[in-house]
Amino acid sequence: MRFLSRRLVMPNDLNFAGSLFGGRILEWIDEEAYIFASCQLDAKSLVTKHIGAITFETSAFQGDVVEFGLQVKKAGRSSLAITCVVRNKHTKQNICVADDIVFVHIDPETRQPTPHGKTKDQLDDTNFEI
């Protein structure tokens, strides 16, 4: 898993206890996973179908830099499952793991699922730059 994207935790990202708000990190994960999936499939017409097991392991605080590691877990006919690990850039401690984020490739006009034409082996060999 490569960690390529980073965010700075700002005051607006904090909850009442002064740590990174869980809802904010989930928003970031959905966005980062979409960008990753879109780049892997070379397609923009993707929708989030499912976000499965999410584990919060440690907190992040104002001024921390968090980074996102993403990898393809599984490729279906029209779907792509992604694993995302968010960790503290400096300490390397995992903050959050989202183990099953599923995107579905859709036809932009009909909004119906459509094959993306890639296999997991093809995706594993692609350039992971976002």
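For reference, positions follow the sequence shown, starting with 1.
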Crowding at CE, M1 (>12 non-hydrogen neighbours, <6.0 Å): yes

From K73 atom NZ to K120 atom NZ, the distance as rounded to the nearest 0.5 Å: 10.5 Å

H105 side chain vs S38 backbone, donor-acceptor pair below 3.5 Å: no

Shared hydrophobic cluster for L14 and I25 (ILVMFWY, side-chain gaps under 4.5 Å): yes

Heavy atoms from other residues, nucleotides or ligands near CZ of R111 exceed 12 (cutoff 6.0 Å): no

For R7, the option from E27, E31, E67 that meets salt bridge (Lys or Arg N to Asp or Glu O under 4.0 Å): E31

Check against side-chain contact (heavy atoms from CB on, under 4.5 Å), F56 and V86: CA-CA 9 Å; F56 292 94; V86 183; over 6 Å; no

side-chain contact (heavy atoms from CB on, under 4.5 Å) between L70 and C84, worked out: CA-CA 5 Å; L70 298 125; C84 178; 3.8 Å; yes

N15 side chain vs G18 backbone, donor-acceptor pair below 3.5 Å: yes

Co-membership, hydrophobic cluster, residues V97 and L4, 4.5 Å side-chain: no

W28 side, atom CH2; S5 side, atom OG - distance, nearest 0.5 Å: 10.0 Å

Heavy-atom closest contact (Q40 atom, V72 atom, distance): CG-CG2, 4.4 Å

Residue pair D107 / T110: nearest heavy atoms and the distance that separates them: OD1-N, 2.9 Å

Closest heavy-atom pair and its distance - F103, A37: CD1-CB, 3.9 Å

Criterion side-chain contact (heavy atoms from CB on, under 4.5 Å) on L46 and L41, from CA distance to verdict: CA-CA 9 Å; L46 301 173; L41 296 177; 3.8 Å; yes

Spacing of CZ belonging to F68 relative to CD1 belonging to I35, to within rounding of 0.5 Å: 9.5 Å

Heavy-atom donor-acceptor pair, K118 side chain to A75 backbone, under 3.5 Å: no

Heavy-atom closest contact (N12 atom, R24 atom, distance): O-NH2, 3.0 Å

Closest contact, heavy atoms only, I29 versus A98: CG2-CB, 4.1 Å

Same apolar cluster (I L V M F W Y, side chains within < 4.5 Å links), I51/V85: no

Spatial distance of atom NE2 (H116) from atom OG1 (T114) [nearest 0.5 Å]: 10.0 Å

Distance, nearest 0.5 Å, that separates NZ of K89 from CG of D64: 13.0 Å

Non-hydrogen atoms of G117 and Q122 that approach each other most closely: O-OE1, 3.7 Å

More than 12 heavy atoms of other groups within 6.0 Å of K44 NZ: no

Spacing of N94 atom CG and R87 atom CZ [to the nearest 0.5 Å]: 7.5 Å

I106 reachable from L80 in the ILVMFWY side-chain graph, under 4.5 Å edges: no

I95-F21 co-clustered via ILVMFWY side chain contacts under 4.5 Å: no

Y34 vs I101, side-chain contact (heavy atoms from CB on, under 4.5 Å): CA-CA, chis, key distance, verdict: CA-CA 9 Å; Y34 167 82; I101 308 165; over 6 Å; no

